[in-house]
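Each ligand, and each atom within it, is numbered from 1 in the order the structure gives. Computed from a predicted model, the values in this text were never measured in an experiment. Nothing fancy with the numbering, it's 1 onward along the sequence. Quick note: numbers below take in every heavy atom, side chains included, and nothing from hydrogens, waters or symmetry partners.
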Amino acid sequence: MTTTTTTQTLVHHETALALLGVTRTHGTGDASVTALRDVTLELPTGSWTAIMGPSGSGKSTLLQIAAGLDHVDSGRVVLGGTDITDATDHERTLLRRNRIGFVFQAFNLIASLTAEQNVALPLELAGRHPSRQMIRDALSRVGLGDRVGHRPRELSGGQQQRVAIARAMITAPEVLFADEPTGALDSTAARVVLAMMREMTDAGQTILMVTHDPAAAAAADSTVFLRDGQLVDALTGADAATIANRLVSLETGR
Ligand code: ADP
Ligand code: MG
């Protein structure tokens, strides 16, 4: 069995997440679509990586697989030294609760709960009982220390996304997965959320983010580009204009 050996050889100690030769096909027969084709991607601990690509290029599939929400047809997925490729459903549930965090475009807060209760939820689900102070500290860190009792509808979009970030971070996840985290925000609120994500990576957090916004991608350390399920390019430290140009050329096939 060579797979394990290969994994151990390729994944470095400082790698928070690795996809190694991942292929994923949705559907069967004539209707089948290969959403990812031999994708290899390593995220160093403390790095922030953006994923861009035309619609249908495989971004969501990549994020789902990296987060252990979907399985691969071939290749390996390694989270912080644990090979999760063949994890059972139960193991995946534990993974989601304890080792990874999510932030979505639509915030996904529970409307009937206060900011404080929303943030406490992942810990409650994991059977832990956070102190009030711990929850308030988490909200203070995203600048919402004075909004703990507010419900989502009483908060702006940017504030709701900051609650979602506090909720994602409360379990100190190894990797934060963000799917269009600024997609529903105006540019000012987006900048605040991106600044918060930078603070997290400065503190050693690892982030993988799907975005359509070149400005958001420019806030990350590097951007990888998908086309037809393949990683076709990567830019490190590029500005928004450079990233936008690369994306346009991918979309127009030039
Ligand atoms: P993106 O997020 O970049 O738009 P996706 O990962 O959602 O791309 O999809 C990649 C390809 O896989 C697309 O052609 C899409 O139609 C197909 N696909 C995604 N999910 C499924 C599914 N559950 N069943 C069938 N095809 C799917
Ligand atoms: Mg998608």
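- Of the possible donor and acceptor atoms, one in the side chain of N118 sits under 3.5 Å from a partner among the backbone N and O of L113.
- For atom 8 (O) of ligand 1, the nearest non-hydrogen atom of the protein is G58 N, 3.1 Å.
- For the pair F104/L109, no side-chain contact is recorded, criterion being any heavy-atom separation below 4.5 Å from C-beta on.
- In this structure, atom 16 (O) of ligand 1 is not in close contact with the protein, since no protein heavy atom lies within 4.0 Å of it.
- Assignment of S55 to the shell around ligand 1 is supported, since a heavy atom sits closer than 4.0 Å.
- Taking 2.8 Å as the threshold, S55 does not count as a candidate ligand of the Mg ion (ligand 2), since none of its N, O or S atoms lies below it.
- For the pair V22 and V77, the minimum side-chain heavy-atom distance is below 4.5 Å.
- Of all protein heavy atoms, the one closest to atom 14 (O) of ligand 1 is V33 CG1, 3.4 Å.
- Of all the listed residues (R227, M52, H26, K59), H26 holds the heavy atom that lies closest to atom 23 (N) of ligand 1.
- When each atom of ligand 1 is checked for a heavy atom of A35 under 4.0 Å away, the hits are 10 (C), 11 (C), 12 (O).
- The closest donor-acceptor contact from the side chain of T206 to the backbone of G46 lies under 3.5 Å.
- Atom 10 (C) of ligand 1 has G56 O, 3.4 Å as its closest protein atom, hydrogens excluded (heavy atom only).
- At the shortest separation from atom 5 (P) of ligand 1 among protein heavy atoms lies T61 OG1, 3.7 Å.
- Look at D221 and R198 and you find a salt bridge, because one of the NZ, NE, NH1 or NH2 atoms lies within 4.0 Å of a carboxylate O, short of that distance.
- When only non-hydrogen protein atoms are considered, atom 7 (O) of ligand 1 lies nearest to S60 CB, 3.7 Å.
- With hydrogens and angles ignored, the 3.5 Å screen pairs a side-chain donor or acceptor of Q205 with a backbone N or O of P173.
- Side chain of R99 to main chain of L94: no donor-acceptor pair is present (N/O by atom type, distance under 3.5 Å, no hydrogens or angles).
- At a 4.0 Å cut-off, at least one heavy atom of P54 sits close enough to ligand 1 to count as contact.
- With respect to R76 and D86, a salt bridge is recorded, a charged nitrogen being found less than 4.0 Å from a carboxylate O.
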